[in-house]
Amino acid sequence: MSPKKDNDRLRTERQLDKLKWETAKELGLDDDLANAGEELTTREAGKIGGNMVRKLVKAGEKALAVEGDRKTRLNLQDEL
């Protein structure tokens, strides 16, 4: 694998890990997770995963809206 692909993969993994910990903190699970090591109940994992998906969908919707607005502004400028 090329160094660029390795860097991209590592960056993505770090971003997902950060998202997991942010979500756990919002749910009040961060202390439990820090002390539990690899021991995580199915319920806790499900809560974290479900909330991560909601956050990712919300971020994707926001990105699409921003991109749509940008394209609309560019199209309006082209027409003038």
Side-chain angles (χ1 to χ4, degrees):
M1 192 178 293
S2 73
K4 181 177 179 357
K5 286 184 182 179
D6 281 342
N7 288 338
D8 290 344
R9 183 181 55 79
L10 290 172
R11 187 176 311 115
T12 301
E13 287 175 7
R14 280 195 303 266
Q15 290 170 339
L16 286 174
D17 196 45
K18 182 179 175 188
L19 178 62
K20 289 176 194 176
W21 280 101
E22 286 175 8
T23 304
K25 185 175 182 178
E26 288 177 11
L27 294 172
L29 298 173
D30 56 330
D31 290 337
D32 295 336
L33 294 177
N35 296 330
E38 296 297 319
E39 299 173 18
L40 183 65
T41 67
T42 303
R43 184 180 180 98
E44 290 170 330
K47 282 175 99 175
I48 293 170
N51 282 297
M52 281 177 52
V53 169
R54 279 189 217 101
K55 281 182 153 186
L56 290 170
V57 167
K58 210 178 267 189
E61 288 172 344
K62 184 178 177 181
L64 287 172
V66 168
E67 182 65 14
D69 289 345
R70 186 185 71 79
K71 287 183 177 181
T72 300
R73 283 194 305 275
L74 289 174
N75 286 338
L76 289 175
Q77 288 175 355
D78 289 344
E79 292 176 4
L80 296 176

With E61, which residues qualify under salt bridge (charged side-chain N to carboxylate O under 4.0 Å, His left out), at least two apart?
-> none
For L64, the side chain to side chain contact (heavy atoms under 4.5 Å, CB included) test, sequence neighbours excluded, returns none
So, do L10 and E13 sit near enough that their side-chain heavy atoms are less than 4.5 Å apart?
-> yes
Partners of K25 by side chain to side chain contact (heavy atoms under 4.5 Å, CB included), sequence neighbours excluded?
-> D30
Does the side chain to side chain contact (heavy atoms under 4.5 Å, CB included) test come out yes or no for L19 and K55, once each step is laid out?
-> CA-CA 9 Å; L19 178 62; K55 281 182 153 186; 3.5 Å; yes
Connected hydrophobic set around V66, excluding itself, where side chains approach under 4.5 Å | none
Can R14 and D17 be counted as an ion pair, charged N to O under 4.0 angstrom?
-> no
Qualifying residues under salt bridge (charged side-chain N to carboxylate O under 4.0 Å, His left out), relative to R73, sequence neighbours excluded | none
Who pairs with E67 by side chain to side chain contact (heavy atoms under 4.5 Å, CB included), at least two apart in sequence or on another chain?
-> R70, K71
